[in-house]
Amino acid sequence: MNGILGTIGNTPLIRLDRLSADTGVNLFAKLERFNPGGSIKDRTALNMVVGKIYSGEIVPGRSVVVESSSGNLGIGLAQICRYFGLRFVCVVDPKTTRQNIEILKAYEACVEVVTERDRETGEYLPTRLRRVREIMAAEQHAFWPNQYANPLNPQAHATTMREIADALDGRVDYLFCSVSTFGTLRGCAEYARANALGTTVVGVDAVGSAIFDGEPEPRLISGHGASVAPALLDRRLADEVVHVSDLECVVGCRRLILREAILAGGSSGATVAALEKRGPHLPRGANCVLIFPDGGDRYLDTVYSDEWVTEHFGEVSHLWKSPDRAAPGADDAVAPEGGEAACGI
């Protein structure tokens with residue numbers, strides 16, 4: 001690929017020495033925020049669309065790409081469509097963050113927001129999918145990548161797993177991967193099995209998600225979990241499953257930024273929380289990789305907003321502000337009487 005799309009993939013794999021200090025494992029993170037669209041979904045979008053452009057199935061100036069997305073996949077598609085001069089309609093819902101909607105508009109995508117929940121499930125996803133089908137029926141030259149069922153979705157993440165394996169000389173003992181469409185986990189797990197890596201794949205799901213036979217419940221944080229089991233789902237590919245609540249997700253994100261100075265998204269915090277649950281049972285010296293799908297800049301109004309966190313969970317900052325929360329040698333700021341912590345100015 002030429003231009004900006006040529007920078008998709010080959011993201012950094014870094015050590016997390018401070019998070020791993022209490023576990024005895026070698027801990028690594030795959031930082032997918034370094035894709036040009038800011039998330040792992042750039043890989044998915046590229047794999048689902050570009051081949052169709054070169055084959056002539058999608059024609060700039062005539063075709064319109066239509067997709068349902070809570071944000072990241074939509075942004076990846078918006079970037080590709082802008083690059084090739086394609087119209088793009090992204091169907092979102094009220095849970096989509098303001099930042100994501102503004103990014104989509106910056107790429108000149110048409111953003112449609114569905115506001116009614118599905119009567120049967122109480123969720124927005126079925127409503128979004130119905131709206132996609134309506135647009136497809138009305139547009140003569142519409143193309144739906146359908147991230148929820150397209151085999152090109154997991155195929156994109158064989159490359160993700162290959163990059164991880166190459167960086168660790170083939171020794172990937174544990175992989176912690178959040179799930180939504182099941183594309184990332186499926187692609188990584190199938191690559192690991194095909195290449196006999198012996199990797200234990202840990203699926204990280206949300207409490208209230210239907211992916212692993214759970215009862216769908218309202219969830220606050222998008223990016224992982226689903227109200228409807230995706231068509232790409234193959235539960236046998238997850239050797240273990242860890243469910244993480246919204247609060248645990250927030251705590252994972254906050255601990256990550258305090259311990260490693262990494263501003264990561266909600267599903268990244270979920271993998272950190274899953275590691276902490278599973279950590280005491282991991283063999284010492286094991287190579288463990290967490291996939292961080294995106295950055296935290298798109299969660300500033302939720303996960304990283306003290307007001308939002310307090311509104312939904314109460315005063316819970318003690319859960320991440322443990323005595324060892326700061327870098328070695330750092331001292332706590334002292335709060336002035338009646339005020340917040342001093343900034344040291």
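The two atoms that bring Ser69 and Gly74 nearest to each other are OG-N, 2.9 Å, heavy atoms only. Residues Thr271 and Phe176 share a closest heavy-atom pair of CG2-O, 4.1 Å. Minimum interatomic distance between Glu123 and Ser227 (heavy atoms only, all atoms of both residues): CG-CB, 3.0 Å. Between Pro145 and Val49, the closest heavy-atom pair is CG-CG2, 4.2 Å. Contact between Ser178 and Ser267 at its shortest, heavy atoms only, is OG-CB, 3.6 Å. Closest of all the heavy-atom pairs between Gln79 and Tyr107 is OE1-OH, 3.4 Å.
Judged by distance alone, with hydrogens and angles left aside, the side-chain atoms of Lys321 form no donor-acceptor pair with the main-chain N or O of Arg255 at under 3.5 Å. Side-chain atoms of Asp239 come within 3.5 Å of backbone N or O of Val201 as a donor-acceptor pair. Of the possible donor and acceptor atoms, none in the side chain of Thr310 sits under 3.5 Å from a partner among the backbone N and O of Glu307. Not one N or O on the side chain of Ser63 forms a donor-acceptor pair closer than 3.5 Å with the backbone of Pro60. A donor-acceptor distance shorter than 3.5 angstrom exists from the side chain of Glu248 to the backbone of Ser245, with no hydrogens or angles considered. Between the side chain of Thr200 and the backbone N or O of Tyr174 there is no donor-acceptor pair closer than 3.5 Å. Without hydrogens or angle criteria, Arg186 side chain to Leu232 main chain gives a donor-acceptor distance under 3.5 Å. Side chain of Glu315 to backbone of Ser317: a donor-acceptor contact under 3.5 angstrom is found. Side-chain atoms of Glu67 come within 3.5 Å of backbone N or O of Asn146 as a donor-acceptor pair.
Met136 and Val64 fall within a single hydrophobic cluster, where Ile, Leu, Val, Met, Phe, Trp and Tyr are joined by side-chain heavy atoms under 4.5 Å apart, directly or via other members. In the hydrophobic cluster analysis, where Ile, Leu, Val, Met, Phe, Trp and Tyr join through side-chain heavy atoms closer than 4.5 angstrom, Tyr83 is grouped together with Ile58. One hydrophobic cluster, built from ILVMFWY side chains closer than 4.5 Å, cannot hold both Leu275 and Val251; they sit in different ones. The hydrophobic cluster containing Val204 does not contain Phe212, counting ILVMFWY residues as joined when their side-chain heavy atoms lie under 4.5 angstrom apart, directly or transitively. Tracing side-chain contacts under 4.5 Å through hydrophobic residues (I, L, V, M, F, W, Y), one never reaches Leu256 starting from Val250; they form parts of separate clusters.
Counting only N and O atoms by type, the side chains of Asp297 and Tyr304 include no donor and acceptor under 3.5 Å apart. A donor atom on one side chain and an acceptor atom on the other are found under 3.5 Å apart for Arg298 and Asn72. Between the side chains of Ser68 and Tyr148, a donor-acceptor pair is found at a separation under 3.5 Å. Counting only N and O atoms by type, the side chains of Ser305 and Asp301 include no donor and acceptor under 3.5 Å apart. For the residue pair Asn287 / Asn26, a side-chain donor-acceptor distance below 3.5 Å is found, with atom types taken as modelled.
To the nearest 0.5 Å, the span separating CZ on Phe143 from NE2 on His141 amounts to 15.0 Å. Between Ser268 atom OG and Leu31 atom CG the span is 8.5 Å, to the nearest 0.5 Å. If you take CD on Glu112 and CD on Glu134, they are separated by 9.0 Å, rounding to the nearest 0.5 Å. Atoms CD and NZ, on Glu57 and Lys52 in that order, are 4.5 Å from each other to the nearest 0.5 Å. A distance of 11.5 Å separates OG1 in Thr159 from CD1 in Ile8, rounded to the nearest 0.5 Å.
Residues satisfying the side-chain contact (heavy atoms from CB on, under 4.5 Å) test with Asn150, not counting sequence neighbours, are Met48, Leu152. Residues forming a ring pair (Phe, Tyr, Trp, His ring centres under 6.0 Å) with His312 (at least two apart in sequence, or on another chain): Trp308. Asp246 is linked by a side-chain hydrogen bond (donor to acceptor under 3.5 Å, both in side chains) to nothing, counting only residues two or more places apart in sequence or in another chain. The side-chain contact (heavy atoms from CB on, under 4.5 Å) search around Ala109 returns Ala78, Phe88, Leu104, not counting sequence neighbours.
If you chain together ILVMFWY residues whose side-chain heavy atoms come under 4.5 Å of each other, Ile164 ends up grouped with Leu13, Phe28, Ile40, Met161, Leu168, Val172, Leu175, Tyr191, Leu197, Val289, Ile291.
By the 4.0 Å N-to-carboxylate-O rule, Asp93 lies too far from Arg117 to be salt-bridged with it. Taking a cutoff of 4.0 Å between a charged side-chain nitrogen and a carboxylate oxygen, Arg193 and Glu190 do not qualify as a salt bridge. Taking the charged nitrogens against the carboxylate oxygens, Asp306 and Arg254 do have a contact shorter than 4.0 Å, which makes a salt bridge. By the 4.0 Å N-to-carboxylate-O rule, Glu108 lies too far from Arg87 to be salt-bridged with it.
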Practice problem: Decide yes or no on side chain to side chain contact (heavy atoms under 4.5 Å, CB included) for Ile262 and Ile257, but give the supporting numbers first. | Solution: CA-CA 5 Å; Ile262 296 175; Ile257 198 168; over 6 Å; no
Practice problem: Run the numbers on Phe292 and Leu16 for side chain to side chain contact (heavy atoms under 4.5 Å, CB included), then give the verdict. | Solution: CA-CA 12 Å; Phe292 289 173; Leu16 302 177; 4.1 Å; yes
Quiz prompt | Stepwise side-chain hydrogen bond (donor to acceptor under 3.5 Å, both in side chains) test for Ser209 and Asp205 | solution = CA-CA 7 Å; Ser209 167; Asp205 198 9; 2.9 Å; yes
Quiz prompt | side chain to side chain contact (heavy atoms under 4.5 Å, CB included) between Val241 and His243, intermediate numbers included | solution = CA-CA 7 Å; Val241 178; His243 284 87; 3.7 Å; yes
Quiz item: Please walk me through it: do Arg15 and Glu260 pass salt bridge (charged side-chain N to carboxylate O under 4.0 Å, His left out)?
Solution: CA-CA 10 Å; Arg15 290 187 69 103; Glu260 298 283 356; over 6 Å; no
Self-check item: Test log, rule side chain to side chain contact (heavy atoms under 4.5 Å, CB included), inputs Asp213 and Arg235
Solution: CA-CA 10 Å; Asp213 292 327; Arg235 296 184 180 93; 3.0 Å; yes
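Listed by first and then second residue, the side chain to side chain donor-acceptor pair (under 3.5 Å) pairs involving residues 29-43 are Thr11-Lys30, Thr11-Glu32, Thr11-Arg43, Lys30-Glu163, Glu32-Asn35, Glu32-Arg43, Lys41-Gln147, Arg43-Thr160, Arg43-Glu163 (not counting sequence neighbours).
Heavy-atom contacts from other residues, nucleotides or ligands closer than 6.0 Å to NZ of Lys105 number 12 or fewer.
Counting heavy atoms from C-beta outward, Ser20 and Thr23 have side chains that approach closer than 4.5 Å. Annotation: side chain of Thr302 is not in contact with side chain of Ile221 (no heavy-atom distance under 4.5 Å). With contacts defined as side-chain heavy-atom distances shorter than 4.5 Å, the pair Gln99/Thr97 qualifies.
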